Amino acid sequence: MRPPHRALLGTSLLGLTLVGVGAWKAFDAPATALALFLAAAIVVEVFEEAGRERSREPVETERFHLAAAVQVAAVVLLGPWVAALVAVAGVVSGAIVRGRSAQTVAFRAGAFAAATAAAGLAFRAAGGAVGELKLLDDLIPLVALALVYLTVRAVLIDMLFGREAFDPRIAWSLGEVAFGAVIALLAIAHPWDVVALVPLGLAVHHANLRVTRLQRETLRALETFANIVDERDPSTYRHSLRVAGYVDQLARALRLPFSDIDRLRWAGRLHDLGKVAVDSTVLRKPGRLDREEWAAVRRHPRLSARLLQRFEFVATQARAVELHHERFDGRGYYGVGDEDLPLAAHFLIVADSFDAMTSERPYRPGLSRDDALAEIERNLGTQFHPAVGKAFVAVQRGLDPSEVLTEEELEEIRGASASYRLGIVPGRRDLKERPELLALGGLVVLLAGLGFHETWMTALGAWVGATGIVLRLRARARSERLVESFRAALHAPDRGAIFSDLLDRIGKAWTVSWGALVDWDEDGLGGRIERQRGDGPSEAAVTSWLVREAESGAGAIAATGPELGRDGVALAFPLRRETSALVGFLVVEAPRLPPRHVQLALEEVLDEIGLALADGPASGGSGGENAEPLEAASHPGDLVVTRLDEG
């Protein structure tokens, strides 16, 4: 999708101006270096362009840009204006291969020219000199170059052109800048030495392509799986494909970012994977479902979510998929209300219901398109999200959603559409809680100081390393004392007393705001809070989180507060019998992750805690999830007001 016209024109004119200045300055640039960088920019862009086709899949297709490294090196060796010329030459060459439109080429060329020119000016302003680069001495200018280049590129290319959230991809981007610095270091004295980096660049590029290819192959396998599920029941044949189409159409009409559109579409495509565990005779049954049949159908969203959670590049859709049979008023499968439903779930709910209502089913005839849309309108605010439902109806009637939604409703949808990034767990990055990293980091700094003959760096490395070792020994000593304290709590007379005493002892070493003992169902798709202390997240939110993560294999499962509608962080410790059967979780909530010594102690006695608290079989109930089928429910679709929306 094109950026706004004024931004397109302004960036293009800026790029044209920078090309003119760069061409004028090129007469003063070293001829050999200029020729090599122009050749490198053209070859790299053409080479990378072949693997950069616009994908409609939630996979990362552009991790590491060799072209960016070439541009960074050109900034250092040739200056901001000539580097802008090099960047434009590369972009135009790649566009010739791809066949992009003239407007898109002009915008991208202008954007990269602006990024390189701004980075070059920042390099100079921070004390860097064109044609020179000495590490340590020029570290600050190099950091300034990196920050400006990455920021301008992200704002123009990602935010303005791609309508994405600001994300400079720090890890990969710093790698690009570092690789560019290496190119510059080699090229300063002998430009042809850069040829030695060609094999490394090719290896990085092929590694990127390989990872992307593996992700796509996995996604295609999941898509085939979804097709097989649909084909098990003639009445739902191609159902998930149609739902994906409706979701895609709605997201595009609302002008959501491309990445959100891709994720929403694939959530619709894969939302019914869990039906593979439902017998096909149940899916095709024309009459009333009995208790066991209803329970099997009711489990399928969670089975779908658990499957998706195991694949990192589609895991962000797992929660929405799990909740695609919920209702705005909280009367859905698992009793989750609007305040706990992500925006993506509302998209799936309305699209899934619409397709179900307009399809013929063994237990009832399908509605006409107009009748189904009228049914959605009648249930806005009860079954469907008011703004999402109105937008869906408008799109299906050929209208622009902005014609029926207020500015506030549009902002609500667009504002809630972003962030699929994993939340930052408070405390996870505290170096004082990772003393082994301090020790190793200090050793590296010490060795670097010796190598550069810098006394101050050697002393700093020795101090940091010694601090890390001391903190590590201190944490180990404290954890050993805490282990004995935890073991003493396990001698309490019953399950409730063990739970209470254990929380008391944990609370003395780590500020805990809430704790709970969760009883887990044998099928692994639900549970209930048996005991709790304090005011914590809802049972539905806790169960939803644990369903998706129970099979992760982690000794402790962490969740950020926003995932549970809270602040801080939650940790769940699995409780198992001698047979390794999972029977429950000890869940605690705190402002931050536990201190290092508490974490070590809990890891040490986790198996003992599990055996002490797992003193009997799970109850088999799902607590607050309305485990019993409604008396009036003759089929899964009968749970809702319309009796027609079961997808």
Side-chain angles (χ1 to χ4, degrees), residues 273-274 276-279 291-292 294-311 315 318 322 333-334 483 486-487 489-503 506 515-532 536-537 539-559 564 570-589 599 601-625 627-628:
L273 290 180
V276 71
V278 182
D279 195 289
R291 184 184 302 270
E292 291 184 359
W294 171 242
V297 169
R298 194 168 163 275
R299 285 195 297 265
H300 86 265
R302 284 186 167 166
L303 284 170
S304 300
R306 174 171 287 186
L307 180 59
L308 294 186
Q309 190 71 30
R310 302 281 71 80
F311 300 95
E322 178 197 359
Y333 274 21
Y334 308 129
V483 164
F486 289 164
R487 283 176 174 157
L490 303 183
H491 296 301
D494 56 51
R495 185 181 173 103
I498 293 174
F499 169 74
S500 179
D501 197 6
L502 194 58
L503 278 187
I506 292 175
L517 186 61
V518 178
D519 191 21
W520 206 238
D521 294 349
E522 291 183 0
D523 63 6
L525 295 175
R528 65 183 180 86
I529 295 177
E530 180 184 337
R531 292 179 174 84
Q532 64 178 318
E539 183 173 271
V542 172
T543 303
S544 172
W545 162 48
L546 294 178
V547 162
R548 298 193 305 276
E549 296 288 355
E551 294 182 349
S552 65
I557 305 169
L564 301 177
L571 282 180
F573 300 93
L575 307 177
R576 301 181 185 275
R577 297 197 192 95
E578 293 88 342
T579 60
S580 296
L582 179 65
V583 295
F585 292 91
L586 174 65
V587 185
V588 290
E589 185 182 60
Q599 178 183 337
L602 288 171
E603 290 175 353
E604 180 75 19
V605 298
L606 184 58
D607 290 341
E608 298 172 52
I609 293 174
L611 293 175
L613 290 176
D615 60 355
S619 65
S622 295
E625 293 181 9
E628 297 297 319

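Throughout, numbering of the chain's residues begins at 1 and tracks the sequence. Note: hydrogens, waters and symmetry copies are ignored here, and every other heavy atom, side chains too, is used. Fair warning: this is a prediction, and the values are worked out from it, not measured in the lab.
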Are the side chains of [Y] and [X] in contact, using a 4.5 Å heavy-atom criterion?
{"X": "V276", "Y": "L307", "answer": "no"}
{"X": "I506", "Y": "L602", "answer": "yes"}
{"X": "V588", "Y": "L503", "answer": "yes"}
{"X": "I609", "Y": "L575", "answer": "yes"}

[X] versus [Y], closest heavy-atom pair with distance:
{"X": "F585", "Y": "A572", "answer": "CD2-CB, 4.0 Å"}
{"X": "A558", "Y": "L571", "answer": "CB-CD2, 3.5 Å"}
{"X": "Y334", "Y": "R302", "answer": "OH-CG, 3.3 Å"}
{"X": "R531", "Y": "G496", "answer": "NE-CA, 3.4 Å"}
{"X": "L490", "Y": "A612", "answer": "CD2-CB, 4.0 Å"}
{"X": "Y333", "Y": "V297", "answer": "OH-CG1, 3.8 Å"}

Any donor-acceptor pair under 3.5 Å linking the side chain of [X] with the backbone of [Y]?
{"X": "R310", "Y": "R548", "answer": "yes"}
{"X": "E539", "Y": "I529", "answer": "yes"}
{"X": "S544", "Y": "A540", "answer": "no"}

Subject >> Value rounded to 0.5 Å, distance of CH2 in W520 from CD in E530 >> reply: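 Interatomic distance, W520 CH2 to E530 CD, rounded to 0.5 Å: 14.0 Å.
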Subject >> Atom pair CZ/CD1 of F486 and I498 - distance to nearest 0.5 Å >> reply: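 It is 14.0 Å, given to the nearest 0.5 Å.
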Original post:
Going through the checks in order, is the side chain to side chain contact (heavy atoms under 4.5 Å, CB included) test met by E604 and R487?
Top reply: CA-CA 10 Å; E604 180 75 19; R487 283 176 174 157; 4.1 Å; yes
Original post:
Around D501, counting heavy atoms of other residues, nucleotides and ligands shown, do more than 12 lie under 6.0 Å from its CG?
Top reply: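 Check passes, neighbour count above 12.
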